[in-house]
Amino acid sequence: MLQEKTNIRVTPTQHSKISQVDWENLPFGKVFSDHMLMMEYRDGAWQEAEIMEFGSFSFHPATSAIHYGQAIFEGMKANKSATGDVLIFRPEMNARRFHESCERMCMPIVPEDLFVECVRKLVEVDSNWIPNRPGYSLYIRPFMFGTDEFVGIRPSETYKFIIFTCPVGAYYSEPVNVKIEEHYTRAAEGGVGRAKAAGNYGASLYPAKQGQMNGFHQLLWTDAKTHEYIEESGTMNIMLVINGKLVTPSEDSDTILRGITKRSVIELAQSWGVEVEERKVSVKELVGAIKDGSLTEAFGAGTAATIAHIAKIGYRDEILELPPIDGRTFSNKVSAFMDAIKSGEVEDTFGWILKA
Ligand SMILES: *Cc1c(COP(=O)(O)O)cnc(C)c1O
């Protein structure tokens with residue numbers, strides 16, 4: 001039986017590192033806040049969560065996750081409003097997705113309320129680490145892995161759930177060039193593509209590197225069986241504007257990660273009266289729509305960049321140029337609105353923001 005304990009012990013650090021931070025130069029993911037949250041699973045139950053000084057810990061060489069890959073993660077952001085409120089973007093969605101990743105990877109679930117409370121409490125403790133300048137935010141990284149000290153393939157009986165945070169600078173994402181990948185596969189039906197499982201990202205590095213050597217920032221993944229349908233762009237969901245409609249591959253198959261940014265863009269589009277189609281999108285349709293001019297916008301959607309405009313798409317021996325970024329009315333408007341709602345500049349009529 002799972003025991004739900006929402007009691008979180010806080011042991012504050014005596015050595016804050018905040019004065020050493022160079023706020024003008026914040027590389028993504030390299031500066032860590034003072035505290036982390038840790039919670040251990042053993043004897044069939046989650047033990048008390050503890051917020052402690054951020055730091056390294058030691059591993060037994062047989063730690064199961066390192067060998068057999070029971071490791072999952074999440075990513076989300078918090079911002080500070082002009083009046084100093086701490087705003088976390090849709091953490092309950094990350095909690096639900098984490099729950100699903102746990103189930104798929106045969107790991108004990110973290111109750112969603114507990115997940116959100118752990119995130120909220122940690123962000124509250126390190127709220128002075130949330131940059132309050134435009135475009136900056138606090139990136140939150142919850143993750144969990146099997147810790148059995150045992151060489152043998154079976155679900156681990158012990159786990160660590162940890163959250164740390166990183167203040168991050170404005171993510172000036174250059175428009176990206178992506179290559180339609182027709183050989184390598186990110187996720188196959190029946191596999192773990194829908195889970196934010198660590199191995200998915202390890203598996204994508206080699207094909208991504210091949211693409212980078214040919215001048216592409218990312219791959220546009222296609223389905224494993226036929227390579228005829230597009231699925232995702234790198235580690236972002238792919239969204240297109242074709243004939244004025246917002247088009248994105250449907251989530252019916254378990255090969256597409258259920259992005260929270262994508263879901264938010266869809267809800268936003270619907271609220272603006274933009275028609276949305278979640279359906280299969282073939283390579284043929286995409287290439288045809290670029291060539292006949294009916295495709296006006298293409299972008300990746302994900303927490304890190306929010307919106308990453310796609311400038312060029314490589315298809316076999318061709319490089320297809322997409323319309324200029326300046327003229328992309330929809331994605332530029334979405335990008336501005338998302339920044340504004342996350343930082344409390346516009347009223348949260350969607351119920352997306354948790355005030356910590
Ligand atoms: C995390 C992720 C996304 C984006 O999800 P968000 O919730 O919007 O950050 C999309 N695709 C993959 C493969 C991912 O890992």
Side-chain angles (χ1 to χ4, degrees), residues 28-29 69 71-79 88-102 104-105 112 115-116 119 137-144 165-166 168 171 173 176 178 181 184-189 191-205 207-208 211 217-224 230-240 246 248-251 253-269 278 281 298-308 310 331 334-335 337-339 341-342 350 352-354:
F28 195 94
I72 58 173
F73 67 96
E74 270 302 328
M76 74 198 100
K77 280 178 173 174
N79 286 92
I88 309 176
F89 189 73
R90 309 193 82 173
E92 72 292 343
M93 297 278 280
N94 298 88
R96 190 196 307 162
R97 190 166 65 192
F98 199 73
H99 180 157
E100 288 166 5
S101 294
C102 287
R104 182 64 185 83
M105 296 303 289
E112 292 173 31
F115 179 101
V116 173
V119 168
S137 38
L138 188 74
Y139 182 78
I140 304 164
R141 168 53 61 91
F143 62 107
M144 172 178 168
T165 67
C166 298
V168 295
Y171 200 103
S173 68
V176 292
V178 303
E181 177 58 55
Y184 295 106
T185 292
R186 191 194 84 87
E189 258 172 66
V192 294
R194 184 180 288 174
K196 248 177 145 65
N200 287 340
Y201 306 86
S204 73
L205 298 176
H217 302 96
Q218 287 177 11
L219 299 177
L220 186 47
W221 299 104
T222 54
D223 73 287
I230 61 163
E231 297 206 317
E232 298 206 50
S233 171
T235 55
M236 292 188 285
N237 292 112
I238 173 93
M239 310 193 86
L240 312 166
L246 179 62
T248 187
S250 53
E251 292 172 342
S253 86
D254 52 12
T255 56
I256 294 180
L257 192 111
R258 300 182 157 191
I260 295 161
T261 313
K262 175 184 81 165
R263 187 54 47 207
S264 306
V265 172
I266 290 172
E267 289 170 24
L268 204 50
E278 291 187 74
V281 182
F299 57 95
T303 295
T306 310
I307 299 296
I310 297 174
S331 43
V334 166
S335 180
F337 187 90
M338 292 286 280
D339 285 350
I341 198 166
K342 285 183 184 181
F350 293 91
W352 286 345
I353 304 294
L354 176 76

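Start at 1 and go down the list; that is how both ligands and their atoms are numbered. All values derive from a computational prediction rather than experimental measurement.
In summary, the atoms of ligand 1 found under 4.0 Å from a heavy atom of Y201, numbered by their order in the structure, are 13 (C), 14 (C), 15 (O). Within ligand 1, the atoms closer than 4.0 Å to a non-hydrogen atom of R186 are 13 (C), numbered from 1 in the order shown. With ligand atoms numbered from 1 in the order given, ligand 1 contributes 5 (O), 6 (P), 7 (O), 8 (O) to contacts under 4.0 Å with heavy atoms of G259.
Summarising the contacts of atom 2 (C) of ligand 1 with R258, R263, K196, the nearest heavy atom is found in K196.
Within a 6.0 Å radius of CZ in R141, other residues, nucleotides and ligands contribute more than 12 heavy atoms.
Of the charged side-chain nitrogens involved, at least one lies within less than 4.0 Å of a carboxylate oxygen, so that R186 and E232 count as a salt-bridged pair.
Only backbone heavy atoms of M236 (N, CA, C or O) come within less than 4.0 Å of ligand 1; its side chain stays farther off. Residue E232 touches ligand 1 through its side chain alone, judged by heavy-atom distances below 4.0 Å. With a 4.0 Å heavy-atom cut-off, ligand 1 is reached by the backbone of T261 and by its side chain too.
Between the side chain of S101 and the main chain of K196, a donor-acceptor pair closer than 3.5 Å is present. Checking side-chain atoms of R90 against main-chain N and O of M76 turns up no donor-acceptor pair under 3.5 Å.
Close to ligand 1: R97, with a non-hydrogen atom less than 4.0 angstrom away.
Separation of atoms NZ (K77) and CE (M338) is listed at 10.0 Å; rounding is to 0.5 Å.
F89 and W352 have perpendicular rings, their planes meeting at more than 60° on a 0 to 90° scale where under 30° would count as parallel.
Between the side chains of Q218 and S233, a donor-acceptor pair is found at a separation under 3.5 Å.
Taking only nitrogen or oxygen atoms, main chain and side chain alike, T303 reaches within less than 3.5 Å of ligand 1. In terms of N/O distances under 3.5 Å, ligand 1 is approached by I260.
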